[in-house]
Enquirer: 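Following this message is one structure expressed as structure tokens.
Throughout, numbering of the chain's residues begins at 1 and tracks the sequence.
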Amino acid sequence: MSEQIVLEAEGLRMRYGATEVLQDVSLQVRHGEVLCLLGPNGAGKTTTLEILEGFRMRSAGRVEVLGVDPAHGDERWRARVGVVLQSWRDHGRWHVRELLEHLGTYYSCYSTETIQRPWDADDLVAAVGLTEHAHQKIRTLSGGQRRRLDVAVGIVGRPELLFLDEPTAGLDPVARHEFHDLVERLAAEEETTILLTTHDLHEAEKLADRIMILDGGRIIADGTAQELAHRIVGEDEVRWSHAGEQHTQATNAPAKFVFELYREYGDAITALEVRRASLEDTYLSLVHRAESARAEAAHAKAQEAMAG
């Protein structure tokens, strides 16, 4: 991951009538970074992605993606961006390799010194783990296989930046694990910058270099999973029993604390448990705070209206 900024938004706002979906959203994404947007339904995650992808016009704010305002991005700019939607209407009668080879032809004319040549169809099929299904009709693929194909379609032009909107929704645990491996390879081997949304906290913690939590149209937290956990939730917790009594101790250095504990009491320590400050704790705490703040603001507004 380099310090080069490939995506930047400042003061981003989106309004539908009197409803403000995004309020002053600002973010930066560096080259090679995997950034995850977390948030409850209606938080504004998909709307944010659609604006950054150039599919939706914003109400206000400045956006620059790969040096271009996506609202005015031309075909050459789009050739540098990959998009994997939550779902897409595919051509079920096409064979996997046939479709990817056909789509690759759309990118060939944009290949330059700065824009890589599209994937070879056979290499791409292998990269997403569909070699055994290369000549299979798309409509016969399993859910996990179709999701792999979705990614293949999104990266066929070797994009510098890839958007993934809830990429593992509906996948079983095995397919989800395989998909995670694929995303990690794209980031590590292809140096693809990735911005994804998800409801899966484990997925965010596993894949993301950095996490942003969006709620009520605002970014309410930004950092690594560990940074957010310690900043919002606080210290880890060590629990143990000794001489029939249970003990609990909060600490920022659980490994050192446990070492000292055993050095002092040895095998007399039982029922030892270390509970790390988790992303789930952080997420729930932040969303609860945001909801409480909105409820208080609404109550204050109602009281003001009644007083008036």
Enquirer: Does L149 reach the side chain of L141, with side-chain heavy atoms less than 4.5 Å apart?
Expert: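 Yes, their side chains come closer than 4.5 Å.
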Enquirer: When hydrophobic residues are tied together by side-chain contacts of less than 4.5 Å, even through go-betweens, does V238 share a cluster with Y262?
Expert: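 Yes, it is one cluster - the side chains of V238 and Y262 are joined through contacts under 4.5 Å.
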Enquirer: Could you tell me whether E191 atom CD has more than 12 heavy atoms of other residues or ligands within 6.0 Å of it?
Expert: no
Enquirer: Please give me the minimum heavy-atom distance between V21 and G44, naming the atom from each residue.
Expert: CG1-CA, 4.3 Å
Enquirer: Donor-acceptor pair, distance only, cut-off 3.5 Å: does the side chain of E33 make one with the backbone of R30?
Expert: yes
Enquirer: Measure from the side-chain N and O atoms of R147 to the backbone N and O of P167, and report whether any donor-acceptor pair falls under 3.5 Å.
Expert: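 Checking the backbone N and O of P167 against the side chain of R147, a donor-acceptor pair under 3.5 Å is found.
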Enquirer: If I compare all heavy atoms of A175 with all of G144, which pair ends up nearest, and what's the gap?
Expert: CB-CA, 3.9 Å
Enquirer: Looking at every heavy atom in both A43 and D215, which two are closest together, and how far apart are they?
Expert: CB-CA, 4.0 Å
Enquirer: On a heavy-atom basis, which atom in T47 and which in M14 lie closest, and how many Å separate them?
Expert: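 Looking at all heavy atoms of both residues, the shortest contact is CG2-CG, 3.8 Å.
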Enquirer: Answer yes or no: is there a side-chain heavy-atom contact under 4.5 Å between V84 and D165?
Expert: no
Enquirer: Are the side chain of E98 and the backbone N or O of H95 linked by a donor-acceptor pair below 3.5 Å?
Expert: yes
Enquirer: Decide yes or no for L38 and L201: does some side-chain heavy atom of the first lie under 4.5 Å from some side-chain heavy atom of the second?
Expert: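 The answer is yes, as the side chains (C-beta and beyond) meet within the 4.5 Å cut-off.
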Enquirer: Is the closest side-chain heavy-atom distance between L124 and V156 below 4.5 Å?
Expert: yes
Enquirer: Using a 3.5 Å distance criterion without hydrogens, assess whether the side chain of T193 forms a donor-acceptor pair with backbone atoms of G32.
Expert: yes
Enquirer: Working note: L272 + V258, criterion side chain to side chain contact (heavy atoms under 4.5 Å, CB included); need CA distance, chi angles, decisive distance, verdict.
Expert: CA-CA 9 Å; L272 178 68; V258 169; 3.7 Å; yes
Enquirer: If you measure from the Lys or Arg side-chain nitrogens to the Asp or Glu carboxylate oxygens, is any gap between D24 and R218 under 4.0 Å?
Expert: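 No, this pair does not count.
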Enquirer: So does H247 have more than 12 non-hydrogen atoms from other groups sitting under 6.0 Å from NE2?
Expert: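 Yes, the 6.0 Å shell around NE2 holds more than 12 heavy atoms from other groups.
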Enquirer: Under 6.0 Å from the CD atom of E273, do we count more than 12 heavy atoms belonging to anything else shown?
Expert: yes
Enquirer: Could you walk me through whether V63 and R58 pass the side chain to side chain contact (heavy atoms under 4.5 Å, CB included) check?
Expert: CA-CA 9 Å; V63 181; R58 60 193 182 271; 3.7 Å; yes
Enquirer: Can you confirm whether E245 is buried at CD, in the sense that more than 12 heavy atoms of other residues, nucleotides or ligands lie under 6.0 Å from that atom?
Expert: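 Not buried by this count: 12 neighbours or fewer within 6.0 Å.
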Enquirer: So, do L22 and I51 sit near enough that their side-chain heavy atoms are less than 4.5 Å apart?
Expert: yes
Enquirer: Let me confirm one number: the OG1-CZ distance from T46 to F55, rounded to the nearest 0.5 Å.
Expert: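 Interatomic distance, T46 OG1 to F55 CZ, rounded to 0.5 Å: 12.5 Å.
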Enquirer: From I269 CD1 over to S241 OG, what is the distance, rounded to the nearest 0.5 angstrom?
Expert: 8.5 Å
Enquirer: Within the structure provided, determine whether V125 and V96 are in side-chain contact (heavy-atom separation under 4.5 Å).
Expert: yes
Enquirer: Between F257 and W240, is the ring centre distance below 6.0 Å?
Expert: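 Centroid distance F257-W240: below 6.0 Å, so yes.
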Enquirer: Are the side chain of T140 and the backbone of K137 linked by a donor-acceptor contact shorter than 3.5 Å?
Expert: yes
Enquirer: If you compare all heavy atoms of V274 against all heavy atoms of P254, which two are closest, and at what distance to 0.1 Å?
Expert: CG1-CB, 3.8 Å
Enquirer: Might you work through the side chain to side chain contact (heavy atoms under 4.5 Å, CB included) test for L49 and L164, ending with a clear yes or no?
Expert: CA-CA 9 Å; L49 252 62; L164 300 171; over 6 Å; no
Enquirer: In terms of side-chain geometry, is the basic nitrogen of E260 or R263 positioned less than 4.0 Å from the acidic oxygen of its partner?
Expert: yes
Enquirer: Would a hydrophobic clustering, with Ile, Leu, Val, Met, Phe, Trp and Tyr connected at side-chain separations under 4.5 Å, put Y106 with L162?
Expert: yes
Enquirer: Does a salt bridge link R176 with D200, judged by any charged N lying under 4.0 Å from a carboxylate O?
Expert: yes
Enquirer: With the side chain counted from C-beta on, respond yes when T168 and E203 share a heavy-atom pair under 4.5 Å apart, and no when they do not.
Expert: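 Answer yes - side chains close enough.
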Enquirer: Distance from L130 atom CG to R97 atom CZ, nearest 0.5 Å?
Expert: 13.5 Å
Enquirer: If you round to the nearest 0.5 Å, how far is CD1 of I194 from CD of E184?
Expert: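 Reported to 0.5 Å precision, the distance equals 9.5 Å.
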Enquirer: Determine whether a donor-acceptor pair (N or O, by modelled atom type, separation under 3.5 Å) exists between the side chain of R185 and the backbone of A127.
Expert: yes
Enquirer: In this structure, is the centre-to-centre distance between the rings of W94 and H102 below 6.0 Å?
Expert: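 Centroid distance H102-W94: below 6.0 Å, so yes.
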Enquirer: Do the side-chain N and O atoms of E160 and T192 include a donor-acceptor pair separated by under 3.5 angstrom?
Expert: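 The answer is no; no qualifying pair exists.
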Enquirer: Quick one: do E166 and T198 satisfy side chain to side chain donor-acceptor pair (under 3.5 Å)? Show the steps, please.
Expert: CA-CA 5 Å; E166 298 193 24; T198 184; over 6 Å; no
Enquirer: Can R148 and E178 be counted as an ion pair, charged N to O under 4.0 angstrom?
Expert: yes
Enquirer: Test side chain to side chain contact (heavy atoms under 4.5 Å, CB included) on E53 and V65; report intermediate values, then the result.
Expert: CA-CA 8 Å; E53 294 162 351; V65 177; over 6 Å; no
Enquirer: Under 3.5 Å, side chain of D222 to main-chain N/O of M212, donor-acceptor pair present?
Expert: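 Not a single qualifying donor-acceptor pair exists.
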Enquirer: What is the distance from atom CG of L195 to atom OG1 of T48, rounded to the nearest 0.5 Å?
Expert: 8.5 Å
Enquirer: For the CZ atom of R76 and the OH atom of Y107, what is their distance to the nearest 0.5 Å?
Expert: 13.5 Å
Enquirer: Please name the pair of heavy atoms, one in A204 and one in C36, separated by the smallest distance, quoted to 0.1 Å.
Expert: CB-SG, 3.6 Å
Enquirer: Side chains of Y16 and S59: does their closest heavy-atom pair fall under 4.5 Å?
Expert: no
